[in-house]
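Heads up, the thing below is written out as structure tokens.
Letters A, B, ... mirror the listed sequences (proteins, then strands); counts begin at 1.
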Amino acid sequence: MMNPLQQLSAAMFPDVTATPEQLEEQYPARSLKEGARVTRIAPSPTGYLHLGVFFTAMINRLTASATDGLFYFRLEDTDKKREVEGGADDILTGFNTYGLTLDEGFVAPNTVVGDYGPYQQSERVGIYHVYVKSLVEQGLAYPCFCSEEERAAARETQEAQKCRTGYYGPFAKCRALSPEEALSRIQRGDPYVVRLRSPGDESRRIAFDDLIKGKIEMPENDEDLVLLKSDGVPTYHFAHAVDDHLMRTTHVIRGDEWISSVPKHLQLFRVLGFRAPKYAHVSPIMKEDNGGKRKLSKRKDPEAAMHFYAEQGYPADSVLEYLLTIANSDFEDWRRANPDAPRSKFPFNLKKMSVSGALFDMNKLNDVSKNVIAAMDADTVTEAILAWAEAYDKAFYQKLNADRAFAKGLFAIDRGGPKPRKDMAKWSDAPAYAAYFFDDGFDSSWELPEHLTAADAVAVLKAYKDAYDPTADKQAWFDGLKALCPALGFCPEVKEYKKNPDRYKGHVGDVSTIVRLAVTGRRNTPDLCSIMQLLGKDRVNARLDAAIAKLSV
RNA sequence: GGCCCGAUGGUCAAGCGGUUAAGACACCGCCCUUUCACGGCGGAAACACGGGUUCGAUUCCCGUUCGGGUCACCA
């Protein structure tokens, strides 16, 4: 003979046949080595991949890897209203393109591995019901029939009486319903949610140790939070407890907006008879907003989306290295000491994470990225720029692709060696950097520095053109330039010129500036000799002629 | 408003009772140098405020202020 609670739970969950014990057996403790941490990222598919989610995922990955543990992906798709088509795939491909590997769950779009699934909450509804049924049987959960209007009204009276808002204690109306009453309302077809009968007492305090923030103390939860929404789908809180227990998560590392619900979560684990995981709450990456700080916003800040970095052409390594400097600030020192070591060798530690949110620093990202790019060889850079341009700058792609050897040649200038150039922070800097290598990108509107006259410049260019040896190496080229100086009234040695500036029209640097302007249209460029060799005799001569004509007008 | 958390140069940050309060980015100057970049050297720039505790507080405690988070059938 069933007691009233059993009758109630049976009526609420006619389809449930399994028991919590059976689920325990189905998802046994993982056999991992002592101290191995099992972490996870559990995003909801509400849009494109957000920097904050990526950052949190990276911290989880690092934590698992540092302990020979495991990192998995679970999809929290319990809110159909907010769900975005393809959202999960975008997150997964994002992880993949940044080399953030998943060990279990969704590891790529439409690819699931592991024995602790399903890894998608919408497919786990039956599992949640097993536990809710059990809770109802034990009197630890109950159906609540309060309408939205009733709850709103209750809220108003609470506010008027200046007491805490929420569904708790005396305000938890349906708590008082007998199992028989509840049963008859269910049989009548009244819609309901299932709430926890909270054993908490607001006047007691609960303490826990957050792995990042340290010891935190808060009042116990006494709210009868919703376990199952009226459509039978669980809330985040309940799904978190069930999933992370069954999937044997040891460390829950998530955004710190969750910190205030830890008392709820701890209570849930206790009521369910689960051992609670360790928590680590990651501070958000912030953005400066006229004087103040705020979380990076999907709507307002383009840099909040991982797409942004791909569009701008930041190498994945740059983003990863930058994020790591935010995560553990001693990463920079480590990197300086170990310039070529793989990131996985870095001793990452949750305890080294900042307690408060860091402002996103584009300057810093650019600096990190310049270093990353400076360390790449010409082939790598060329391939990366080609790939970037193909996706985001078709015209530039066609130019480069028309002559790949030429493209590689221009990106090879001054690359490698002990003093690499750091001109580019991202691939989208490349079109401007490379413009003058192409005739249609050459800007002929340049002007001479003020201390040089057009007539002198023309004389320089004519003399240079006559002496121009396309085969000269760097040293010979520069010596040739110096040799031209005396006859033109310029000083071949800068130091000498500085001693007696009145005796000359300028020095060899001015001569090279004139040639540089004629050939590139710019005052500042990488090594001119290399540029001219790459451009080739014909183009160089054509530009010299054009410059002479321009200055002779 | 209740409950949490935080506060060191413009930014990211070391620091754990006695320091000339590191370092990095950005900024400025100088040097190197045919330009630029790279590199080197130097500069400006900080412990939010008020009370305690202590021989001594950036460090510990309490308030204030400011900033952030959270108070849903969203995650």
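Although no hydrogens or angles enter the test, the distance criterion places a donor-acceptor pair under 3.5 Å between the side chain of A/Arg415 and the main chain of A/Met376. Formation of a donor-acceptor pair under 3.5 Å by the A/Ser369 side chain with backbone atoms of A/Leu365 is not found in this model. Between the A/Gln158 side chain and the A/Gly166 main chain, a donor and an acceptor come within less than 3.5 Å of each other. Under a 3.5 Å cut-off, the side chain of A/Arg516 and the backbone N or O of A/Val519 do not form any donor-acceptor pair.
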Taking only distance into account, with no hydrogens and no angle test, what donor-acceptor pairs under 3.5 Å do side-chain atoms of residues 223-234 of chain A form with protein atoms, sequence neighbours excluded?
residue  : atom : partner  : partner atom : Å
A/Asp224 : OD1  : A/Arg175 : NH2          : 3.0
A/Asp224 : OD1  : A/Ser198 : N            : 2.9
A/Asp224 : OD2  : A/Tyr142 : OH           : 2.5
A/Asp224 : OD2  : A/Arg175 : NE           : 2.7
A/Lys229 : NZ   : A/Thr78  : O            : 3.1
A/Asp231 : OD1  : A/Val233 : N            : 3.0
A/Asp231 : OD2  : A/Lys80  : NZ           : 3.3

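Looking at heavy-atom distances under 4.0 Å, A/Glu217 makes contact with sugar-phosphate atoms alone, never a base. Nucleic acid contact for A/Arg205: sugar-phosphate only, since backbone atoms but no base atoms lie under 4.0 Å from a heavy atom of the residue. Within 4.0 Å of A/Ser354, counting heavy atoms only, lie sugar-phosphate atoms of the nucleic acid but no base atom.
With pairs defined as Watson-Crick or G-U wobble and both atom distances under 3.5 Å, the stems of at least three pairs that touch RNA chain B come out as B:1-7 with B:65-71, B:10-12 with B:23-25, B:27-31 with B:39-43, B:48-52 with B:60-64.
Annotation: B/rG51 and B/rU11 have their C1' atoms spaced 32 Å apart (nearest Å). As rounded to the nearest Å, B/rA22 and B/rG42 have P atoms that lie 14 Å from one another.
Outside the 6.0 Å centre-distance limit, the rings of A/His245 and A/Tyr131 are not counted as a close aromatic pair.
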Would you give a per-nucleotide map of nucleotides 70-75 of chain B, 5' to 3', where B means the base has a protein non-hydrogen atom under 4.0 Å away, S means only the sugar-phosphate does, and - means neither? S-SBBB
Between the protein and nucleotides 34-36 of chain B, list the N/O to N/O atom pairs that are separated by less than 3.5 angstrom.
residue : atom : partner  : partner atom : Å
B/rU34  : O2'  : A/Ser512 : OG           : 3.1
B/rU34  : O2   : A/Ser512 : OG           : 2.9
B/rU35  : O2'  : A/Arg523 : O            : 3.2
B/rU35  : O2'  : A/Asn524 : OD1          : 2.5
B/rU35  : N1   : A/Arg516 : NH1          : 3.4
B/rU35  : O2   : A/Arg516 : NE           : 3.4
B/rU35  : O2   : A/Thr525 : N            : 2.9
B/rU35  : O2   : A/Thr525 : O            : 3.0
B/rU35  : N3   : A/Arg516 : NH2          : 3.2
B/rU35  : N3   : A/Thr525 : O            : 2.7
B/rC36  : O4'  : A/Asn524 : OD1          : 3.4
B/rC36  : O2   : A/Arg421 : NH1          : 3.0
B/rC36  : O2   : A/Arg421 : NH2          : 2.3
B/rC36  : O2   : A/Thr525 : O            : 3.2
B/rC36  : N3   : A/Arg421 : NH1          : 3.3

Do any N or O atoms of the protein come closer than 3.5 Å to N or O atoms of nucleotides 39-48 of chain B, and which pairs are they?
residue : atom : partner  : partner atom : Å
B/rG39  : OP1  : A/Lys422 : NZ           : 3.2

Protein-nucleotides 22-26 of chain B N/O pairs under 3.5 Å:
residue : atom : partner  : partner atom : Å
B/rA24  : O2'  : A/Glu332 : OE1          : 2.7
B/rA24  : O2'  : A/Lys364 : NZ           : 2.5
B/rC25  : O4'  : A/Lys364 : NZ           : 3.3

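Side-chain atoms of A/Glu202 and A/Tyr168, non-hydrogen and from C-beta on, never get closer than 4.5 Å to each other.
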